[in-house]
Number of protein chains: 2
Amino acid sequence: MCRMARPRKPLLSRERIVGTASALVDADGLDAVSTRRLAAELGVSGPSLYNHFRNKDEILDAVADAVSAKVDLSMFDESDPRDWRTALHDWAVSYRAALTAHPNVVPVLARGPGRRPAGLKVADAVFGAMVRAGWPAAQATHIGALMRYFITGSALGSFAGGFVDDETAYDPSDYPHLGQAHLLAERQEKIDEGAFETGLRALLDGLAAQYEEGTRAKRAKTPPADGS
Amino acid sequence: MCRMARPRKPLLSRERIVGTASALVDADGLDAVSTRRLAAELGVSGPSLYNHFRNKDEILDAVADAVSAKVDLSMFDESDPRDWRTALHDWAVSYRAALTAHPNVVPVLARGPGRRPAGLKVADAVFGAMVRAGWPAAQATHIGALMRYFITGSALGSFAGGFVDDETAYDPSDYPHLGQAHLLAERQEKIDEGAFETGLRALLDGLAAQYEEGTRAKRAKTPPADGS
DNA sequence: ACTTTTAACTAACACTGCTAGTTTCTGTTC
DNA sequence: GAACAGAAACTAGCAGTGTTAGTTAAAAGT
């Protein structure tokens with residue numbers, strides 16, 4: 001009868017903890033992850049987690065980072081043929097898909113890259129590709145940030161909350177323009193999708209216009225060699 | 001010596017609770033608001049709050065709604081001369097200002113209008129103004145949503161988190177394009193501001209282009225009366 | 001004047017993140 | 001191979017959390 005001090009083979013590992021924590025978050029939400037419940041799910045007792053993580057936030061950060069790591073970045077490869085606009089578009093769609101797959105993680109992810117390495121890797125890839133495409137460094141930084149703002153903001157503001165599906169909760173006379181129909185949770189999903197697409201397109205159109213403006217200014221300063 | 005059952009004049013009111021809760025959030029952050037601490041600050045003991053709110057979340061929702069209520073909506077008045085684009089711009093700036101003034105509330109606010117009446121009032125005003133400006137109803141809904149996504153996402157991703165000001169936290173070789181300088185918390189503030197401005201401009205430019213497209217299509221269908 | 005409701009209270013429950021201290025196994029070093 | 005440092009599990013427990021139940025006395029309603 002062992003008194004269960006240190007096992008022959010480690011029961012826990014960072015990967016295993018992050019894995020079951022992820023599953024727990026996906027299944028039952030962020031609040032369902034308590035150190036004790038997570039530990040129980042791992043067949044282990046509470047404080048053992050603290051041999052592998054400094055605190056609970058570090059675990060959730062790791063869960064969020066695992067989501068970031070699933071975002072496709074191939075469009076930013078030097079060898080990829082896509083131009084900056086399509087690359088940005090495809091990345092945004094892939095990013096959103098990653099968030100939609102794990103909606104409960106979004107609140108953690110939305111508060112910035114912080115210390116999460118995969119999140120920083122994403123920012124790095126976007127920045128590099130934009131600079132290579134001809135954007136000034138300052139603008140390239142801004143683009144990475146503002147795209148993240150829009151994507152995470154859209155993910156957070158939509159499926160991680162939204163309206164309440166209770167007809168009595170809203171008094172239509174308080175909101176003269178909004179019909180009751182707009183408030184139904186069922187409709188909300190389509191609105192989210194549409195708003196994301198419209199916003200993404202507007203964002204890229206607007207950036208393309210700014211890009212045009214920038215290259216025109218540059219051409220005026222250093223006229224091209226070819227006789228145009 | 002009264003045994004402090006029911007006082008002559010009510011000690012608590014929803015307004016007073018929301019007020020001190022707001023102050024507490026602003027001063028010490030969201031986590032600093034516990035029912036007991038809030039009650040202590042009000043000179044009252046714990047569970048008394050539950051005579052005025054169903055639960056803690058309802059209190060925080062009310063705090064968030066108070067912030068929403070401070071957003072300027074005058075640009076959406078029927079009598080206001082501003083066109084839809086400038087109105088949208090001015091509103092976005094005012095919205096962001098309200099969030100910057102109370103950064104700790106943003107996480108609550110970012111998860112959608114939910115049951116908060118002031119939040120819904122904002123959505124209603126935007127929707128009404130956009131429809132009046134000639135946007136189709138579906139697009140008007142999308143615009144309200146996507147603007148909110150961008151604004152709250154930007155507020156959340158920046159000052160409510162951001163980078164860690166610890167030089168040893170990041171290994172520059174992991175992020176070939178990002179210089180170490182970009183990661184300093186001090187710089188982060190300027191980046192946020194710039195990213196917001198760039199993004200807002202791009203968003204409005206892009207929407208203006210879509211608007212043009214829409215009215216052109218409409219003109220083609222029903223040609224104008226004047227001989228152009 | 002009697003009843004109901006309201007708004008405060010105290011006590012307590014189940015749970016939270018986390019620390020301290022203990023035990024036993026593993027891996028390294030003389 | 002013995003001694004030792006460190007790792008990885010444990011138990012016990014602390015201070016704090018949101019919330020409910022039940023009590024009490026003043027206010028408001030009939």
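Naming convention: chains lettered A, B, ... in sequence-line order (proteins, then strands); numbering from 1 in each chain. If you're wondering where the values come from, they're calculated on a predicted model, not measured in any experiment. Every heavy atom of this structure was used, including side-chain atoms; hydrogens, water molecules and symmetry mates were not.
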If only side-chain N and O atoms of [X] are considered, is one of them under 4.0 Å from the OP1 or OP2 phosphate oxygen of [N]?
{"X": "B/Thr35", "N": "D/dT19", "answer": "no"}
{"X": "B/Ser48", "N": "C/dC9", "answer": "yes"}
{"X": "B/Ser34", "N": "D/dG16", "answer": "no"}

May I have all residue pairs that pass side-chain hydrogen bond (donor to acceptor under 3.5 Å, both in side chains) and include part of residues 21-37 of chain B, sequence neighbours excluded?
B/Asp26-B/His102, B/Asp28-B/Arg37
Nearest-nucleotide check on DNA chain C, A/Ala32 vs A/Pro47; residue mapping nearer the 5' end is A/Ala32
Under the 3.5 angstrom rule, does the side chain of A/Lys56 hit a backbone N or O of A/Val33 as a donor-acceptor pair?
yes
Between D/dC10 (C1') and A/Leu12 (CG): distance, integer Å
13 Å
Tell me, please, which residues at least two apart from A/Asp57 pass salt bridge (Lys or Arg N to Asp or Glu O under 4.0 Å).
none
Can you name the salt bridge (Lys or Arg N to Asp or Glu O under 4.0 Å) partners of A/Glu193, sequence neighbours left out?
A/Arg96
Non-neighbouring partners of [X] that pass side-chain contact (heavy atoms from CB on, under 4.5 Å), sequence neighbours left out:
{"X": "B/Pro117", "result": "A/Tyr175, B/Asp65"}
{"X": "B/Ala129", "result": "B/Phe76, B/Arg132"}
{"X": "A/Ser79", "result": "A/Asp77"}

I need the residues from residues 36-44 of chain A with at least one non-hydrogen atom less than 4.0 Å from DNA chain D; give them sorted by number, or say none.
A/Arg36, A/Val44
Using a strict heavy-atom distance below 4.0 Å, which residues from residues 49-62 of chain B are in contact with DNA chain D?
B/Tyr50, B/Asn55, B/Lys56
Does B/Lys9 or B/Asp31 map to a spot on DNA chain D nearer the 5' end, using the closest nucleotide for each?
B/Asp31
Of all residues at least two apart in sequence or in a different chain, which pass the side-chain hydrogen bond (donor to acceptor under 3.5 Å, both in side chains) check with B/Asn55?
none
Could you work out which one of C/dG17, D/dG18, C/dA8 sits closest to the side chain of B/Leu11?
C/dA8
